[in-house]
Every structure is written in structure tokens, then in C-alpha cells.
K.L.:
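Mind having a look at this structure? Questions to follow.
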Amino acid sequence: MAFTVREYRDLLQLLNEHPEWREELRRTLLSDDFLALPQIVRELAEAQKRTEQRVEELAEAQKRTEQRLEELAEAQRKSEERLTRLEQTVAELIEAQKRTEQRVEELAEAQKRTEQRVEELAEAQKRTEQRVEELAEAQKRNEQQIRELIEIVQRHEERLAAVEERLEKVEERLDKLTQRVDRVEIRLAKVDGRTLELEYERKAGGYFGRIIRDPQVVNLGAWEKRISPP
């Protein structure tokens, strides 16, 4: 049985009057994958948002690490300056030792203290280098986490590409369905035109009786034969 334009319009009117029927019709016409697509896209967007937030946190941690390294470098520079000053002091004491025998013992004691201080500075330097190695190890772990995050984002992008491909297939099916509906509407329009002609033919008196006295239906083919010259 053909689906007429009037029935199609009645269907549209019913859907407007009963919005709750639209969801049921949508589930009937569309696949479960297409209906689940908005939820999948929302999940992907939320995962991407969390990934970006994590990358920002890692960048902030990296900034703090670099700032700490700069502070350690400044402390090391100050230590070297102090060591330089101490070395200069030792040189001055040695020069004074040459000028006077009386300062020999004092210079020796000062030298002992200087060597002890140098050892303390060497120990501090050792601890500083150990701290730098720990920071370098932490940096390696941060880089590993960033690589893992990049892999997660790539997997999300691949999943999104698959979803886009499925969307294209669904849109292609919808285009074909639209073309079929257009053809049906054209055929229905032709049927409506033919129906109107038959309606005028059967009820010519009712339609044209006010302006034409005793109207009659004329067969144009027979009329042309009558008026055509022999």
C-alpha cells in the first residue's frame, strides 16, 4: 500500500503533538551505535580535558624543578666564591709566613682550619651533586609520564577517527534514505495531480457551473480530429 502525502503529513502532525514518540521512532530508524555516539563523544571530550589538565600539572612541576636547580646552581656559585676567597687568604698567610718566623705556628693553625673548611665544602658539594642526580632521576620519571600521556592521547585520537568513520557511513545511509523519500514525494505529487484532474472531470458542473452554462468534459483528442482539415 502506497504511503500518501496526506499520511506523511498526518505522521508529522502526530509527532509534533506527541514529542515522546520521536525518541521511539528515532530508535526504530537509527542503529544503536549511532544513538550511542553523543555519549562516546562526551566521554572522549572529558578524557581529553583530564589529559590536558594533567599535562599542565606536569609542566608546573617541571617549572618548580628548574627553579630548584637554579637555586642549587646559585648556592654552588656562592660556595665556589667563598672557596676562592679562602684560597686567597691561604696565599696571603703563606706569604706572611715567609716574612716572619713568629707567624709560622699561627699560619699552620689557620691552614688546618682552612683544610677542614675545604673538606666541609667538598662534602657539601658531594651532597649537592647527589641532589642534582635525584632531580635528574625525577625528571626522567616526568618524561616517562609525559610519553605515556602522549600514547593515551594518540589512542583517543584513533578512537575518535573510528567514530568519525562510522558517522560518515551513517550520514551516507541518511543521504540515500533522503533521496528515496524525495523520489516518493515526486511520485506522490504526480498522483495528486492526476487525482485532481479526475476530480475536475467528475464534478465539472459543481466547479464551473457558476461561470459556464451546462459545462461538459471534452476529449481533446477527439476534438482535434474533428477540427483538423481533411
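Basis for what follows: all heavy atoms, side chains included, without hydrogens, waters or symmetry-related copies.
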K.L.:
Mind checking whether L135 and L69 have side chains closer than 4.5 Å, heavy atoms only?
P.N.:
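Heavy-atom side-chain distance check passes, below 4.5 Å.
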
K.L.:
Not counting sequence neighbours, which residues clear side-chain contact (heavy atoms from CB on, under 4.5 Å) with Q116? List them please.
P.N.:
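In terms of side-chain contact (heavy atoms from CB on, under 4.5 Å), with neighbours along the sequence ignored, Q116 is linked to E120.
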
K.L.:
Roughly how far, to the nearest 0.5 Å, is CD of Q48 from NE2 of H156?
P.N.:
8.0 Å

K.L.:
Distance from T114 atom OG1 to L83 atom CG, nearest 0.5 Å?
P.N.:
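Here the interatomic distance stands at 10.0 Å.
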
K.L.:
Tell me, which pairs form a salt bridge (Lys or Arg N to Asp or Glu O under 4.0 Å) where one or both residues lie in residues 71-80, sequence neighbours left out?
P.N.:
R68-E71, E74-R77, R77-E81

K.L.:
Looking only at side-chain N and O atoms, does Q144 offer a donor or acceptor that is under 3.5 Å from a partner on R147?
P.N.:
yes

K.L.:
What I'd like to find out is whether the side chain of E151 reaches to under 4.5 Å of the side chain of R155, using heavy atoms alone.
P.N.:
yes

K.L.:
Can you sort out the partners of E17 under side-chain hydrogen bond (donor to acceptor under 3.5 Å, both in side chains), two or more places apart, ordered by chain and number?
P.N.:
Q13

K.L.:
Going from CD on E157 to CG on L44, what distance comes out if it is rounded to the nearest 0.5 angstrom?
P.N.:
10.5 Å

K.L.:
May I ask you to test the E92-E87 pair for a side-chain heavy-atom distance under 4.5 Å?
P.N.:
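No, side chains not in contact.
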
K.L.:
Quick one: CZ on R54 to CD on Q145, what's the gap to the nearest 0.5 Å?
P.N.:
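It comes to 5.0 Å.
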
K.L.:
So, taking the atom named CD in E171 and the one named OG1 in T178, what distance separates them when rounded to the nearest 0.5 Å?
P.N.:
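Atom-to-atom, E171:CD and T178:OG1 are 11.0 Å apart.
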
K.L.:
Do I146 and V55 share a hydrophobic cluster, counting only Ile, Leu, Val, Met, Phe, Trp and Tyr and linking them when any side-chain heavy atoms are less than 4.5 Å apart?
P.N.:
yes

K.L.:
How about CD on E123, more than 12 heavy atoms from neighbouring residues, nucleotides or ligands closer than 6.0 Å, or not?
P.N.:
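Above 12, so yes.
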
K.L.:
What's the spacing between R180 CZ and R183 CZ if we round to 0.5 Å?
P.N.:
7.5 Å

K.L.:
With side chain to side chain contact (heavy atoms under 4.5 Å, CB included) as the test, would you mind laying out the steps for E185 and V181 before giving the verdict?
P.N.:
CA-CA 6 Å; E185 288 180 351; V181 171; 3.9 Å; yes

